[in-house]
Protein chains: 2
Amino acid sequence: MTSSLHQRAIENLGTRIISGELPAGHVMLAEQLEDELKVSRSVIREAVRVLQSLGLVETTKRVGIRVLPPSRWNPFDSQVIRWRLASDARGAQLRSLAELRAAVEPAAAELAAQNAPAPLRLELVDVAYAMRDAGHNGEVPRFLELDIQFHSLLLSGSGNEMFANLMGQVAETLTGRTVHGLMPDHPHEGALQWHVDVAEAISRGDAAAAREGSERIMRRTMTRMADTWTEQPRVFIPVRR
Amino acid sequence: MTSSLHQRAIENLGTRIISGELPAGHVMLAEQLEDELKVSRSVIREAVRVLQSLGLVETTKRVGIRVLPPSRWNPFDSQVIRWRLASDARGAQLRSLAELRAAVEPAAAELAAQNAPAPLRLELVDVAYAMRDAGHNGEVPRFLELDIQFHSLLLSGSGNEMFANLMGQVAETLTGRTVHGLMPDHPHEGALQWHVDVAEAISRGDAAAAREGSERIMRRTMTRMADTWTEQPRVFIPVRR
DNA sequence: GAGTTTTGATGTCTGCACACATCGGCGTCA
DNA sequence: TGACGCCGATGTGTGCAGACATCAAAACTC
């Protein structure tokens with residue numbers, strides 16, 4: 001349990017802002033938050049400072065703490081992502097993550113084939129084969145675990161820390177699929193082999209094959225998920241000049 | 001100037017941590033920081049809370065404030081990116097951003113062709129032609145400005161808030177190229193036309209052409225920049241299990 | 001309407017009590 | 001004698017309460 005008071009205050013306010021309960025433009029006073037959350041001023045202030053750094057609120061003297069519109073939120077912060085996944089915008093968040101992942105993974109596969117350290121390549125191949133076996137045998141939980149590990153290793157092997165950081169979020173989209181009932185008991189036969197192909201391409205340093213294999217996996221993943229979020233409204237962030 | 005004491009404390013500690021002056025594992029005491037920065041506890045505490053949320057430090061009772069290794073830093077936070085760009089790792093940061101951009105922009109172009117609102121499509125075409133003119137006439141500052149606007153509009157038009165958020169960082173990589181002396185007085189003739197092609201493909205909703213055109217631009221950009229950072233060491237983030 | 005004063009919120013500082021992880025002394029047991 | 005574990009001492013962050021400083025919005029004056 002993250003039982004620190006300020007962490008709970010962040011959680012409370014963060015979820016309420018992102019859920020829309022506290023809409024953009026809504027102004028709060030520090031004193032009012034003290035009463036509401038039954039904590040002292042320092043706790044509120046520290047929480048507000050963190051929310052400020054996430055782009056969720058801004059503070060103005062003589063006005064108070066103002067909630068900022070979604071276009072100001074930092075969409076890459078893992079807390080923001082978590083809060084959005086718990087909100088009505090869950091579908092839109094999953095789509096954004098899936099699109100990002102589909103864009104990044106082929107590039108990461110290509111880089112991994114060029115740069116990944118040898119032990120990581122070996123592990124990647126092992127995991128791919130283990131994954132194929134688990135898929136054949138219908139061991140769904142083990143398959144999901146290996147799937148996450150496979151893609152984590154791939155992103156990590158790219159040697160790009162931004163790609164690698166997407167691991168955590170990718171895990172969310174993969175586990176999110178099971179929640180949406182999108183995981184069949186027996187994973188697609190072709191996809192299992194494609195993972196092995198990607199791992200071996202990376203292992204032997206074949207960048208083009210690694211990218212193509214990864215693109216194949218991503219294309220299939222996207223087409224399978226696409227129809228679940230067609231109804232999700234898209235948010236267009238205005239260009240700041 | 002953002003002259004708030006707490007902001008300055010964040011800036012001071014953030015730059016020193018990311019520059020390596022305060023190495024991973026280094027432990028500081030809140031009281032010691034008060035003396036050093038000549039500010040009160042509340043300022044230090046609020047600053048530390050923000051740095052904690054960025055993954056730069058962790059606090060432990062009876063120990064103090066411990067600096068975390070780079071693998072724990074949030075690589076998508078704009079402050080972290082800015083601090084890295086100002087450090088010795090500037091080259092590695094630019095490479096990471098360029099790789100991310102190269103992965104994302106073709107996907108964004110494809111999505112923009114499918115989803116962008118009509119006014120944005122028109123503006124994109126206008127900017128592309130203006131860019132071509134500025135390039136022909138050797139108006140370098142205006143060209144750079146239009147270039148940033150073009151790519152911002154493209155990312156924004158994708159309707160994916162994560163893609164759109166990369167705008168600010170992309171501007172950094174583009175202006176960073178000029179600093180590195182990578183911008184010729186007269187931009188590449190083909191690239192100018194490619195931008196127009198992408199804009200028109202998006203404008204008429206031709207997703208495949210938009211993606212291909214964007215890929216062409218990105219391939220050229222990457223090959224042109226690649227040799228500037230070959231000597232930059234890559235950082236492999238271990239997979240957390 | 002321009003300039004000035006008032007006002008009310010955040011910003012900053014300080015002293016105190018508390019929680020709790022670490023350390024070290026002590027005793028127990030093998 | 002040495003290893004181990006209990007347990008209190010200690011020092012740190014955490015949380016609280018109250019004060020004053022600062023500064024920009026709002027009200028006021030001319």
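Labels below follow one simple rule: chain letters A, B, ... track the order of the sequence lines, proteins then strands, and each chain is numbered from 1.
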Given side chains that start at C-beta, do those of [X] and [Y] come closer than 4.5 Å, heavy atoms only?
X        : Y        : value
B/Thr60  : B/Arg66  : yes
A/Trp83  : A/Leu56  : yes
B/Leu120 : B/Leu153 : yes
B/Arg101 : B/Leu166 : no

Among side-chain atoms of [X] and [Y], is any donor-acceptor pair under 3.5 angstrom?
X        : Y       : result
A/Gln79  : A/Glu11 : no
B/Glu161 : A/Ser96 : yes
A/Arg16  : A/Asn12 : yes

Exercise for review: Extract, from 5' to 3' on DNA chain C, the first and final nucleotides lying under 4.0 angstrom from some heavy atom of chain B.
Suggested key: C/dT12 to C/dC23
Say whether, by atom type as modelled, one donor and one acceptor occur between the side chain of [X] and the main chain of [Y] under 3.5 angstrom.
X        : Y        : result
B/Ser156 : B/Ser152 : no
B/Trp229 : B/Arg90  : no
A/Arg95  : A/Gln232 : yes

Review point. Who are the side-chain contact (heavy atoms from CB on, under 4.5 Å) partners of B/Arg49, not counting sequence neighbours?
Key: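 Per chain and number, B/Arg49 pairs via side-chain contact (heavy atoms from CB on, under 4.5 Å) with A/His6, A/Glu46, A/Val50, B/Gln52.
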Exercise for review: Mind checking side-chain contact (heavy atoms from CB on, under 4.5 Å) for A/Asn165 and listing every partner two or more places apart, or none if nothing turns up?
Suggested key: B/Asn74, B/Pro75, B/Phe76
Review point. Atom NE2 of A/His6 and atom C1' of D/dC16: how far apart are they, to the nearest Å?
Key: 16 Å
Hey, what are the protein-to-nucleotides 23-29 of chain D N/O distances that come in under 3.5 Å?
from	atom 1	to	atom 2	distance (Å)
D/dC23	O4'	A/Lys61	NZ	3.1

Point to revise | A/Arg45 bridged to A/Glu34 by N-O distance under 4.0 Å | key: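 No, A/Arg45 and A/Glu34 are not salt-bridged.
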Exercise for review: Give A/Arg66 one of three labels, base, sugar-phosphate or nothing, depending on what nucleic acid heavy atoms sit under 4.0 Å from its own.
Suggested key: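 Nothing: the residue A/Arg66, judged by heavy atoms under 4.0 Å, touches no strand.
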Practice item. Specify the residues of residues 50-58 of chain B, ordered by number, for which at least one heavy atom lies under 4.0 angstrom from an atom of DNA chain D. Key: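 None - not one residue of the stretch has a heavy atom sitting under 4.0 Å from the strand.
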**Study point:** Within residues 31-45 of chain B, residues whose heavy atoms come under 4.0 Å of DNA chain D
**Key:**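 Close to the strand are B/Arg45.
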